[in-house]
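Have a look at the structure below before the remarks.
The basis for the numbers below is simple: all heavy atoms, side chains too, and nothing from hydrogens, waters or symmetry mates. Residue numbering restarts at 1 for every chain, and letters A, B, ... go by the order of the sequence lines.
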Amino acid sequence: MSAQAGAGTYSPAAAAGDKRREKREELRRHLAEDADWPRADGRSFHDCRPAFMQTGPTTAASGSAYAEFGKTKVIVSVFGPRESKKAMMYSDVGRLNCNVSYTTFATPVRGQGADNKEYSSMLHKALEGAVMLHTFPKTTVDVFALVLESGGSDLPIIISCASLALADAGIMMYDLVTSVSVSCFGKNIIIDPMSDEEAWQDGSLMVAFMPARKEITQLTLTGEWSDGRITNAVELCMDACSKLGDILRDRLKDTATLTSE
Amino acid sequence: MAEKTEPAAAAASRLAGEMEVEAYRRLFPLAFLERHLGESVRPDARRLSEARPTTVALGAVSSAHGSALVRLGDTAMLASVKLEVMSPPAESSDEGSVAVEFHMPPICSPLVRPGRPADVAPVISKALEDVLMSSGMLNLKELCLISGKASWLAYLDIYCLNADGSLFDAALISAVAAFTHLEIPLVSVGDDGRVFTVGGNEGKTKFELVNREKRKLTLGDIPFSLTCALHKDSILADPTSEEESIIETYVTVVVDSSDRIVSIQKLGGTVTSMTAVKECISLAKERRRKLREILIDSVEVMEVDQTE
């Protein structure tokens, strides 16, 4: 009795499509010009969403972490170090294998891209520099992320959550990696954008950062930016990353005291 | 080396006194389990016929029309129902339909790797679909919008977030709970024949509503299941993944809310007596009372949350 999935079905959209577009244009204009314009969730431009992070949701994994920033919800599991795939060549440093996938209900339109290849490789690049690969030669550490719901700034949240899960698994790292992105609207910069804001932004910047060492592991920039604004935006991100790093550290200390008691 | 010729079980019990518990558990899993069963207790301190603590949280996915997060011990399932509009096939023009999919993403278990899906996922998927459709819980006519023109296609997606045994049981509770939570959006039909949602009050005068009275599904007999692992003379209800990896024989019994049997599955394993199967059935009936209470409680908790 399986249904004829795919072709011929659609999710009923709200009636007033044109009205929505007008609203978008209005919001965009305001965000570009007016620094006092409130964001949809009432934040100011330089406020992040309230973050909830926790270690250990998946007991079957070596280490795991859950992160929730507003509507964005992510689980990351870390497995290993374990035997590398048979086809792999000998290597005297360990391998990091990353995969990011989305649930079918993560995005408004059902089932868009279960496996996200782009994010998988970006996650790998962001973490690679922080993990001490030489501590687990010949083996692989798997970092798997599942986005339960996508509500904007997905990749930075996956990166931060993954470094928390790696720490929970006891994988040696030089430092935690935290990541924050900003969107640029005209002359304004807003931090930790939601999906709607990301859809209408003029440009974006994402920084992955090691807070204790004050080193950047990954920086991506899209859209039109001037030199001065880039510096400002990077500093804004680095500052937020440091604060996020403190939250991650607290979470790890919480679990450590719980287990030692 | 006389030790090598000793049977493994004897060697295991001789070594037991000298070894750390964790090492013994890993090296001799069967002997470890049997020593527990001899004392009528399980490695996680449960009685043999005792299921793990179960919680149901409704409305876990904000973007879905109905959703539930279920925990059965450490096993966690997230189920979501999303409705889309379709034109019904000619042979069942006044019915909607349901598409069931059970996912085991790589995060849930060390045995699943990306690009290499778990073997059990499609098996559980099919079993769930069979049970949901044959139990009479859903009346597909309720998913019809306009006979012959438009009806709902309910996508039921269940994600296993942590695999620690009895996956089918947890998946079935989450599926039932998601349908309990399902609220059908208010819709109307435009001039082009396409269905669109009507928000809150604005629709009252402008549009003719199609489904004012059909916002909640009336669920018929709800199916509940219990998996038992059979080892020699012992029946272990609701096994963990550790127990599942040691024991070969399982019986999954599904009963509905009036204690009728919906399905019994025993896939392979060793031969089993009818008495053991009967014992499993009576355990399943007991379990279904408990599960029904948990489900009713979860609905009450959600209603309290909404009124606050």
Side-chain angles (χ1 to χ4, degrees), chain A residues 1-17 56-62 64-66 70-71 73-80 82 85 97-111 114-115 117 120 140 142-151 165, chain B residues 60-64 67 73-76 78 80-87 89 92 96-101 103 105-115 126 129-130 133-134 140 150 153-155 157 159 161-164 185 187-188 190 194-199 202-203 206-207 241:
Chain A
M1 181 65 237
S2 176
Q4 307 72 357
T9 73
Y10 59 96
S11 56
T58 310
T59 50
S62 316
S64 61
Y66 172 77
K71 263 187 74 183
K73 294 168 190 159
V74 178
I75 291 186
V76 179
S77 291
V78 172
F79 295 95
R82 58 187 181 184
K85 270 190 212 147
N97 175 33
C98 298
N99 179 271
V100 178
S101 57
Y102 278 67
T103 61
T104 54
F105 44 81
T107 45
V109 178
R110 189 182 174 280
D115 257 18
K117 292 266 160 37
S120 302
T140 302
D142 289 304
V143 180
F144 299 143
L146 180 68
V147 180
L148 301 177
E149 274 188 85
S150 157
Chain B
V61 181
S62 58
S63 59
S67 60
D74 277 336
T75 297
L78 183 64
S80 125
V81 179
K82 236 176 178 175
L83 296 173
E84 294 204 352
V85 179
M86 62 162 191
S87 30
S92 54
S97 56
V98 179
V100 184
E101 216 171 321
H103 308 259
I107 65 154
C108 80
S109 155
L111 304 172
V112 190
R113 310 252 175 135
K126 184 75 178 66
E129 189 179 322
D130 289 347
M133 301 326 282
S134 67
L140 292 178
L153 168 54
Y155 285 104
D157 288 289
Y159 278 84
L161 302 183
N162 192 14
D164 189 21
V187 294
S188 184
R194 278 177 79 88
V195 173
F196 57 87
T197 56
V198 180
E202 61 177 308
K206 254 162 87 187
F207 310 105
S241 60

#### Entry: Listed partners of Lys126(B) passing side chain to side chain contact (heavy atoms under 4.5 Å, CB included), at least two apart
Asp130(B)

## Note on the structure
Output for pair (Lys73(A) NZ, Ser62(B) OG), nearest 0.5 Å, gives 4.5 Å

### Summary
Scanning both residues in full, the closest heavy-atom pair of Leu161(B) with Leu146(A) reads CD2-CD2, 4.0 Å

### Task
For each of Asn99(A), Leu148(A), Asn97(A), tally heavy-atom pairs with chain B at distances under 4.5 Å, and name the one with the top tally.
Asn99(A)

#### Entry: OG1-CZ distance between Thr140(A) and Arg113(B), expressed to the nearest 0.5 angstrom
7.5 Å

### Task
Verify the distance criterion only: is there a donor paired with an acceptor across the side chains of Glu101(B) and Thr104(A) at less than 3.5 Å?
no

### Message
At a 4.5 Å cut-off on heavy atoms, which part of Val112(B) comes close to chain A: side chain, backbone, both, or neither?
### Response
backbone

### Query
Tell me, side chain or backbone of Ser64(A) under 4.5 Å from chain B's heavy atoms, or both, or neither?
neither

### Query
Ala163(B) versus chain A, heavy atoms under 4.5 Å apart: side chain, backbone, both or neither?
backbone

#### Entry: Working for ring-ring contact (aromatic ring centres under 6.0 Å, His included), residues Phe105(A) and Tyr159(B)
CA-CA 10 Å; Phe105(A) 44 81; Tyr159(B) 278 84; 5.4 Å; yes

### Val61(B) to Glu149(A) - nearest heavy-atom pair and separation
CA-OE2, 3.6 Å

### Query
Heavy-atom distance under 4.5 Å between the side chains of Phe144(A) and Pro114(B), does that happen here?
yes

### Summary
Smallest heavy-atom separation, Lys82(B) atom then Pro108(A) atom, equals NZ-O, 3.4 Å

### Summary
In short, Thr59(A) meets Asn162(B) closest at the heavy-atom pair OG1-ND2, 2.7 Å

### Query
Side chain, backbone, both or neither: which part of Ala154(B) has a heavy atom under 4.5 Å from chain A?
neither

#### Entry: Structural part of Pro106(B) lying under 4.5 Å from a heavy atom of chain A
both

### Query
With Pro110(B), which residues qualify under side chain to side chain contact (heavy atoms under 4.5 Å, CB included), at least two apart?
Ala60(A), Phe79(A), Arg82(A)

### Query
Looking at Pro105(B), Ala60(B), Ser109(B), Ser67(B), which has the largest count of heavy-atom pairs under 4.5 Å with chain A?
Ser109(B)

